[in-house]
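Here is the structure we will look at, set down as structure tokens.
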There are 2 protein chains.
Amino acid sequence: MSESLAYAELIAVLVAVTDNEPRVMTIDAGEALPSGPFETSHRTLQSGLRAWVESQTGHPVGYLEQLYTFADRDRALDAGTGAAQTRHISIGYLGLVREQVTLGAGRPEWRSWYEYFPWEDHRDGRPDLLTGLSERLLDWAGDHEVRRQRVDFLFGLNGQLWNEDLVLQRYELIYEAELEKEAGFGRQMASDHRRILATGITRLRAKIKYYPVVFELMPDSFTLLDLQRMTEALAGVRLHKSNFRRQVDQQNLIEETGEMSSETGGRPAKLFRYRPAVVEASSLSGARLPYSRH
Amino acid sequence: MSESLAYAELIAVLVAVTDNEPRVMTIDAGEALPSGPFETSHRTLQSGLRAWVESQTGHPVGYLEQLYTFADRDRALDAGTGAAQTRHISIGYLGLVREQVTLGAGRPEWRSWYEYFPWEDHRDGRPDLLTGLSERLLDWAGDHEVRRQRVDFLFGLNGQLWNEDLVLQRYELIYEAELEKEAGFGRQMASDHRRILATGITRLRAKIKYYPVVFELMPDSFTLLDLQRMTEALAGVRLHKSNFRRQVDQQNLIEETGEMSSETGGRPAKLFRYRPAVVEASSLSGARLPYSRH
DNA sequence: ATGACTTATTCTCCATCTGAGTTTATGTCA
DNA sequence: TGACATAAACTCAGATGGAGAATAAGTCAT
């Protein structure tokens with residue numbers, strides 16, 4: 001029975017956006033994601049994480065969702081000995097906070113997530129760094145047709161479109177090609193934290209498409225362009241202005257406050273607020289099956 | 001430090017489909033989902049689960065994905081005492097197997113998941129049981145406008161459409177209304193296993209829309225109607241025949257084997273096989289952002 | 001005050017997709 | 001042989017989505 005006892009910790013991918021830059025909370029001079037033991041005093045995982053994060057950031061966490069449970073981190077340590085050793089289980093969470101005032105000890109810092117994944121920011125066009133990176137990946141792929149296709153597909157080569165959702169898959173390819181520790185290909189982190197961060201970004205980029213989580217990061221009132229910039233910051237991609245607007249108001253999730261913003265540099269913009277959703281959101285799904293009435 | 005030691009177990013929602021009925025593997029005469037300790041000998045969570053499941057079912061698990069980690073099960077036990085007590089962490093997995101030959105001990109059985117959630121099967125129209133159930137839910141909602149809207153939305157009342165994805169949310173509403181133990185509202189399970197099952201069904205119903213997992217449950221060759229029936233079994237909803245076909249071959253995931261099936265009762269149907277995907281699947285996504293070229 | 005420049009907001013257009021059937025083909029079975 | 005079943009292909013109108021033009025309403029340098 002004691003075989004199954006494990007050391008359980010919580011680990012957080014905490015996201016905030018300032019100056020159109022998506023940031024993640026880090027400790028150890030940007031080398032690690034914040035984490036802590038899962039104490040018996042915590043009623044649930046969720047509440048444990050929430051309490052702990054709020055004491056660190058000084059701000060309520062608007063949105064919190066479980067990401068993934070990682071348990072194969074320490075396998076290198078186990079190998080060979082065969083000794084019964086305490087298992088390490090990390091339960092990852094994704095949290096969104098509106099502002100980033102840091103209070104806690106250990107000098108937590110908010111850093112742009114593009115420091116860790118510089119190839120993921122396509123807002124000003126395809127990053128230059130991608131040239132060198134994809135060259136290295138293609139070298140690695142060599143004649144291996146499947147590998148080559150994967151590189152093309154994941155990095156938008158050979159006429160394929162860039163798909164911003166595939167953050168984790170891209171990182172894993174880079175890892176497989178053993179390029180993840182190369183200088184110039186993004187800042188590194190301790191242990192597998194960079195992978196966990198990639199998992200969080202992936203989840204968030206997918207989620208904003210079918211669930212109104214962006215508003216957890218927006219201030220109470222905002223212009224449509226603010227909202228677009230926020231979405232672009234997260235997705236790492238530019239969006240089509242008028243089509244973005246059309247989509248937003250079809251979804252019926254925002255309403256005018258009646259006031260205007262004058263800090264636009266051009267024509268003043270209407271201010272909007274989030275309208276906490278008709279009913280439970282959803283139904284804005286996306287993928288559908290071809291239903292049949294009857 | 002020892003505060004954070006926890007007992008870790010794996011728990012599986014194992015799904016197979018036979019006779020157009022989606023089935024889940026259970027133990028204890030259908031009262032529990034199969035689970036086991038996460039042993040140190042297991043290299044990773046995934047491999048631990050896989051080995052253990054295959055020894056139980058005698059069949060390889062085609063598809064396996066982590067569902068959720070549950071840790072707030074035993075809170076009732078902790079309450080009041082404040083004593084340091086071993087935490088119980090369950091890591092849930094969803095697995096798909098093509099056939100269901102059971103070998104293991106403890107008399108595992110495959111049971112239709114609709115035994116546990118009879119209101120979820122709308123293939124032959126709205127189940128009668130929903131009349132009584134929604135009546136009880138509306139009673140519970142009373143004048144509470146928000147509750148009433150939630151009931152309407154989740155159970156497709158008042159002109160709203162039935163959304164088959166909301167399995168977990170429906171179960172949680174029923175739980176909140178304290179109707180989950182009432183006779184007639186589905187077979188019960190030990191502890192929170194019914195909730196875990198609901199989580200699995202929810203995940204699977206969502207997934208089939210944007211990822212070709214159905215094929216993990218199909219035999220090597222099949223007709224288009226077979227594929228449709230499989231999808232309907234999982235979604236619990238009837239689909240539009242020709243539109244389903246159109247969608248399937250737009251996705252380019254299957255190809256004709258060249259042979260025909262004669263067991264249709266009508267005109268013989270072409271047989272198809274799964275074509276393990278152009279590249280990594282995806283790009284059949286669904287929800288999209290309004291991208292901008294530039 | 002005026003014209004250049006910026007950003008906001010509204011429209012338009014057209015190609016594609018989707019929902020909901022029809023129509024025609026090809027078997028089995030009484 | 002005709003009734004019945006299912007398969008497979010085709011139709012068509014309305015909704016959706018990508019792309020960009022047109023118009024509105026500010027700021028700012030001259």
Side-chain angles (χ1 to χ4, degrees), chain A residues 20 123 161-164 208-210 221-232 235 237-273 283-294, chain B residues 20 123 161-164 209-210 221-232 235 237-252 254-273 283-294:
Chain A
N20 288 326
R123 287 176 294 173
L161 292 179
W162 174 262
N163 181 342
E164 78 281 0
I208 53 176
K209 291 184 184 156
Y210 62 91
S221 97
F222 49 85
T223 70
L224 288 177
L225 189 58
D226 291 340
L227 186 62
Q228 180 177 344
R229 292 285 176 252
M230 175 66 78
T231 309
E232 289 173 340
V237 143
R238 288 272 166 241
L239 303 178
H240 186 285
K241 189 159 173 170
S242 42
N243 292 343
F244 179 79
R245 279 146 187 266
R246 177 170 60 191
Q247 193 185 79
V248 165
D249 66 35
Q250 272 170 359
Q251 297 188 151
N252 226 35
L253 291 169
I254 60 177
E255 60 190 3
E256 300 183 14
T257 67
E259 280 158 64
M260 306 286 275
S261 161
S262 45
E263 23 233 78
T264 53
R267 170 175 170 177
K270 291 181 186 165
L271 286 171
F272 293 82
R273 77 168 67 85
S283 69
L284 357 123
S285 49
R288 305 188 63 101
L289 294 172
Y291 302 108
S292 145
R293 314 285 154 240
H294 248 269
Chain B
N20 287 325
R123 288 176 294 173
L161 291 180
W162 175 260
N163 181 341
E164 77 281 1
K209 290 184 185 157
Y210 61 91
S221 96
F222 49 83
T223 70
L224 289 176
L225 188 57
D226 291 340
L227 186 61
Q228 180 176 346
R229 292 283 176 255
M230 175 66 78
T231 309
E232 290 173 341
V237 142
R238 286 274 165 239
L239 302 178
H240 187 285
K241 189 160 173 172
S242 43
N243 292 344
F244 178 79
R245 279 148 186 263
R246 177 171 60 193
Q247 193 185 80
V248 164
D249 65 35
Q250 273 172 356
Q251 297 188 152
N252 225 36
I254 60 176
E255 60 190 3
E256 301 183 15
T257 67
E259 281 159 65
M260 306 285 276
S261 160
S262 44
E263 22 233 78
T264 52
R267 170 174 169 178
K270 291 181 187 164
L271 285 171
F272 293 83
R273 79 168 66 85
S283 70
L284 356 123
S285 50
R288 306 189 61 101
L289 294 172
Y291 302 107
S292 146
R293 312 290 153 234
H294 248 267

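A, B, ... follow the sequence lines: proteins, then strands. Residue 1 opens every chain. Just so it is clear, the values below take in all heavy atoms, side chains as well, and ignore hydrogens, waters and symmetry mates.
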I'd like to know if B:R246 reaches the base of C:dG19 with its side chain, counting only an N/O donor and acceptor under 3.5 Å. yes
Would you classify A:K270 as touching base, sugar-phosphate or nothing, given that sugar-phosphate means primed atoms plus P, OP1 and OP2, and contacts are heavy atoms under 4.0 Å? sugar-phosphate
What is the separation between atom CG on A:D249 and atom P on D:dG17, rounded to the nearest whole Å? 13 Å
Expressed in angstrom and rounded to an integer, what is the separation of A:L239 atom CG from D:dG20 atom P? 15 Å
Taking OH from A:Y291 and P from D:dA15, how many angstroms apart are they, rounded to a whole number? 20 Å
Measure from NZ on A:K209 to P on D:dG17 and round the result to the nearest Å. 14 Å
Determine whether a donor-acceptor pair (one donor, one acceptor, N or O, separation below 3.5 Å) exists between the side chain of A:S242 and the base of D:dG20. yes
Roughly how far, to the nearest 0.5 Å, is CG of B:L225 from NZ of B:K241? 5.0 Å
A:D226 CG - C:dA8 C1' separation (whole Å): 12 Å
Hey, is the side chain of B:R267 pairing donor to acceptor with the base of D:dA5 inside 3.5 Å? no
Using whole Å, what does the distance between atom C1' of nucleotide D:dA8 and atom CG of B:N243 come to? 13 Å
CZ (A:R238) and CZ (A:F244) are apart, to the nearest 0.5 Å, by 12.0 Å
Is there a side-chain contact between B:R246 and B:H240, using heavy atoms and a 4.5 Å cut-off? no
Distance in angstrom units between A:R238 CZ and D:dG18 P, rounded: 18 Å
A:Q247 vs B:R245, nearer the 5' end of DNA chain D by closest nucleotide: B:R245
Nearest-nucleotide check on DNA chain D, B:P290 vs B:M260; residue mapping nearer the 5' end is B:M260
Rounding to 0.5 Å, atoms CG (B:L239) and OH (A:Y291) come to a distance of 8.0 Å
